[in-house]
K.L.:
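Before anything else, here's the structure in question.
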Amino acid sequence: MTTLQRDSGVEVLCAPGNAGISKDSKTFPVNATDGPAVLALAQELSADLVVIGPEAPLVAGVSDILRAAGIPVFGPSEAAAQLEGSKAFAKQVMLDAGVPTARAHLCVNVQQAESALDDFGAPYVVKDDGLAAGKGVVVTNDRAVALDHARTCIEARTDGAVVIEEFLDGPEVSLFGVTDGITVVPLSPAQDFKRVANDDEGPNTGGMGAYTPLPWAPAGLTEEVVTKVLQPTVDEMAKRGTPFSGLLYAGLALTSRGTRVIEFNARFGDPETQVVLTRLDSPLSALLLAAATGTLAQLPELKWKDESVVTVVMAAEGYPESPVSGAVITGLDDVVNAKVFHAGTRRNDDGDIVVSGGRVLTVTASGSDLHKARTNAYEGVNHIHFAGEHHRTDIAERAANGEVHVP
Ligand code: AMP
Ligand code: GLY
């Protein structure tokens, strides 16, 4: 049975939390993007470490407010979080640091977008420059669809801009580096499934499932990514006077011409984190505290369980275009061989747990190999029901059969 591993002697408190974590931890109804409110709560609780989860509070500078008050924080500054907050900024950092990525044009009007599309040709890759929760990217062979998305991004805001870039072939890998701004500690590589439906059909999402480790990954992949991607990026950010500390997430394509960065995130990725941290066999709190206090170089080497982990996202009706909230979720207590992490859930006035967001639950299970981990995860999924629920049934399937998954 998979359980949420607890580091002994560590108390976890959450703001705002949700209907799932409130069973494991005390929760506080504080808006995570409200810096002064988070600071007041951290001071009231005498927090030894504040871990900032999502991108919005990072980009809003909540970590800077906490650090200025002397509280250790896991998560980059507002300036460093621009690695996720602006795709154009991330491209410039990669260019300056010599990190391999797709060639790209930043376009601020439709004319520029048209010539960028024609420069690269099909398949077209069009990305909103700002934060879009994984849904700002369109990859299509249809020039009209590509141009339409470019126009929407440009017209969405007064400073609207769009990044158009070359298409990267090959399998995708998510590799997380924990860093204190100097030292980088890589975690177990994972693969995420971005498209909403089986066989990578339908629109992009924030991620529909994940697994780790990757039996098909080339030997030395992690070392290569640290040397060519994570360490040069961390060094470049330090050189610019805006060191990046926290979690540097590299979304990679292993193309026929070598490894390329698709994107950076400034936080743990969802749902890869569910599998990566389930496999971690060292105390997470010590790792995060070492990153926050600049002592990663002294941390003992991380240990990993000798097992595979699979997670499956259960999504709301209409996700990703227009998720429908309110459906009552049943069967959560019947899951025995998996851990259910909640995302878009809340408890209603009747005490029921109901859908309150697009990705609702991630059902995560371990096994001695990927086949067994998949069986346990899908057995868990099959116990849980809510109206309009949908999930992919092919998470980690090809990898379990000894094949490489190329989206
Ligand atoms: P991003 O938000 O940049 O991670 O993009 C989301 C997803 O779009 C990625 O995980 C890929 O599946 C796809 N994608 C993004 N950029 C490219 C690219 N240059 N070539 C091929 N697919 C891409
Ligand atoms: N799974 C991709 C992300 O967290 O952005």
Side-chain angles (χ1 to χ4, degrees), residues 53-56 58-59 81 83-91 94 100-106 116-117 119-141 146 149-150 153 162-176 187 189-197 199-212 246-277 311-313 315 320 341 343 358-359 362 364 392 395 405-407:
E55 61 272 29
L58 294 168
V59 170
L83 272 184
E84 172 163 3
S86 163
K87 295 204 185 269
F89 175 81
K91 281 281 175 202
M94 285 188 261
T101 184
R103 282 197 307 125
H105 293 301
L106 178 69
L117 291 175
D119 180 13
F120 295 125
Y124 302 103
V125 181
V126 181
K127 304 184 171 189
D128 195 340
D129 181 43
L131 286 180
K135 287 165 282 185
V137 178
V138 165
V139 181
T140 176
N141 279 311
H149 184 59
C153 298
V162 70
V163 173
I164 294 179
E165 66 181 32
E166 69 177 319
F167 178 78
L168 300 174
D169 60 352
E172 289 182 29
V173 172
S174 303
L175 191 67
F176 300 171
L187 305 186
Q191 194 172 45
D192 182 15
F193 291 71
K194 297 276 181 184
R195 301 280 184 145
V196 72
D199 297 322
D200 306 304
E201 300 285 346
N204 266 323
T205 69
M208 293 299 290
Y211 66 95
T212 192
L247 196 293
L248 182 56
Y249 164 131
L252 305 156
L254 310 191
T255 78
S256 44
R257 288 168 296 134
T259 302
R260 301 275 186 280
V261 174
I262 296 175
E263 65 158 349
F264 284 130
N265 290 320
R267 47 156 179 95
F268 281 101
D270 179 12
E272 298 96 314
T273 299
Q274 287 86 320
V275 293
V276 171
L277 294 188
T311 192
V312 179
V313 171
F341 294 99
R359 289 186 297 166
T362 50
T364 308
R392 283 181 64 157
I395 303 301
H405 177 91
V406 181

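Worth saying up front: this structure is predicted, and the values here are computed from it rather than measured. Indexing begins at 1, ligand by ligand and atom by atom, following the structure's order.
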K.L.:
At a 4.0 Å threshold, what atoms of ligand 1 neighbour a non-hydrogen atom of Val137?
P.N.:
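Within the 4.0 Å cut-off of Val137, ligand 1 contributes 1 (P), 2 (O), 3 (O), 5 (O), 6 (C), 8 (O), 15 (C).
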K.L.:
Minimum heavy-atom separation for Val125 and Phe167, please, with both atom names.
P.N.:
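It is CG2-CA, 3.8 Å.
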K.L.:
Heavy atoms only: which of Glu166, Lys127, Glu84, Arg103 is nearest to atom 3 (O) of ligand 1?
P.N.:
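Selected option, by shortest heavy-atom distance: Lys127.
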K.L.:
Is the closest basic N to carboxylate O distance between Lys127 and Glu263 below 4.0 Å?
P.N.:
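Here Lys127 does not pair with Glu263 in a salt bridge, since their nearest N and O are not under 4.0 Å apart.
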K.L.:
Going by the order shown, which atoms of ligand 1 are within less than 4.0 Å of some heavy atom of Phe167?
P.N.:
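Reading through ligand 1 atom by atom, the close ones are 20 (N), 21 (C).
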K.L.:
Do you know which two heavy atoms are closest between Asp192 and Ser174, and how far apart they sit?
P.N.:
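Residues Asp192 and Ser174, closest heavy atoms: CB-OG, 4.1 Å.
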K.L.:
Can you tell which of Arg267, Lys194, Arg359 gets a heavy atom nearest to atom 5 (O) of ligand 2?
P.N.:
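Comparing heavy atoms across Arg267, Lys194, Arg359, the nearest one to atom 5 (O) of ligand 2 lies in Arg267.
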K.L.:
As an exercise, identify every atom of ligand 2 less than 4.0 angstrom from a heavy atom of Glu272.
P.N.:
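Listed by number with element: 1 (N), 2 (C).
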K.L.:
Need the ligand 1 atom indices (1-based, order shown) with element for anything under 4.0 Å from a heavy-atom of Val125.
P.N.:
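In order of numbering, the contacting atoms are 16 (N), 17 (C), 18 (C), 19 (N), 20 (N).
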K.L.:
Quick one: closest heavy-atom pair of Pro189 and Val173, and the distance?
P.N.:
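Smallest heavy-atom distance, with atoms named: CB-CG1, 4.1 Å.
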K.L.:
Would you call Asp200 and Arg392 a salt bridge, using N to O less than 4.0 angstrom?
P.N.:
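Yes.
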K.L.:
Kindly compute the distance separating OG1 (Thr273) from CG (Leu247), expressed to the nearest 0.5 Å.
P.N.:
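Between Thr273 OG1 and Leu247 CG, I get 6.5 Å after rounding to 0.5 Å.
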K.L.:
Between Phe193 and Tyr211, how do the two ring planes meet: parallel, tilted or perpendicular, split at 30° and 60°?
P.N.:
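Rings of Phe193 and Tyr211: tilted, as their planes differ by 30° to 60°.
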K.L.:
Using a strict cut-off of 4.0 Å, indicate which atoms of ligand 2 neighbour a heavy atom of Asn265.
P.N.:
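By the 4.0 Å cutoff, the relevant atoms are 3 (C), 5 (O).
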K.L.:
Quick one: closest heavy-atom pair of Val261 and Leu252, and the distance?
P.N.:
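So the minimum-distance heavy-atom pair works out to CG2-CD2, 3.9 Å.
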K.L.:
Quick check: Asp192 and ligand 2, any N/O pair under 3.5 Å apart?
P.N.:
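By distance alone, the answer is yes.
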K.L.:
Report, in ascending order of atom number, the atoms of ligand 1 lying under 4.0 Å from any heavy atom of Lys87.
P.N.:
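Ligand 1 atoms under the 4.0 Å threshold to Lys87: 1 (P), 2 (O), 3 (O).
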K.L.:
Counting each atom of ligand 1 from 1 as listed, which ones have a heavy atom of Asn204 under 4.0 Å away?
P.N.:
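Atoms satisfying the 4.0 Å criterion: 7 (C), 8 (O).
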K.L.:
Does ligand 1 have any atom that is closer than 4.0 Å to a heavy atom of Arg195?
P.N.:
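Under 4.0 Å: no for Arg195.
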K.L.:
Which of the numbered atoms in ligand 1 are under 4.0 angstrom from any heavy atom belonging to Glu172?
P.N.:
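Those of ligand 1 that fall under 4.0 Å from Glu172 are 9 (C), 10 (O), 11 (C), 12 (O).
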K.L.:
Any N or O on Ala102 sitting closer than 3.5 Å to an N or O of ligand 1?
P.N.:
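No, since none of the N or O atoms of Ala102 sits under 3.5 Å from an N or O of ligand 1.
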K.L.:
With respect to Gly269, determine whether any N or O atom, backbone or side chain, lies less than 3.5 Å from an N or O atom of ligand 2.
P.N.:
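N/O-N/O distance under 3.5 Å: no.
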K.L.:
Contact between Tyr249 and ligand 2, counting heavy atoms under 4.0 Å?
P.N.:
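Contact present.
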K.L.:
Of the options Lys91, Met94, Lys87, which is the one that meets Phe264 in a side-chain contact (heavy atoms from CB on, under 4.5 Å)?
P.N.:
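Among Lys91, Met94, Lys87, the one meeting side-chain contact (heavy atoms from CB on, under 4.5 Å) with Phe264 is Met94.
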K.L.:
Under 4.0 Å from a heavy atom of Glu165: give me the atoms of ligand 1 that qualify, with their elements.
P.N.:
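The atoms of ligand 1 under 4.0 Å from a heavy atom of Glu165 are 16 (N), 17 (C), 18 (C), 19 (N).
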K.L.:
For Thr362 and Pro271, work out which heavy atoms get closest and say how close.
P.N.:
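Of all heavy-atom pairs spanning Thr362 and Pro271, the closest is CG2-CB, 4.0 Å.
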K.L.:
Touching ligand 2 at all, Gly207? Heavy atoms, strictly under 4.0 Å?
P.N.:
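Per 4.0 Å heavy-atom rule, Gly207 does not contact ligand 2.
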K.L.:
Can Glu166 and Arg257 be counted as an ion pair, charged N to O under 4.0 angstrom?
P.N.:
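Salt bridge present between Glu166 and Arg257.
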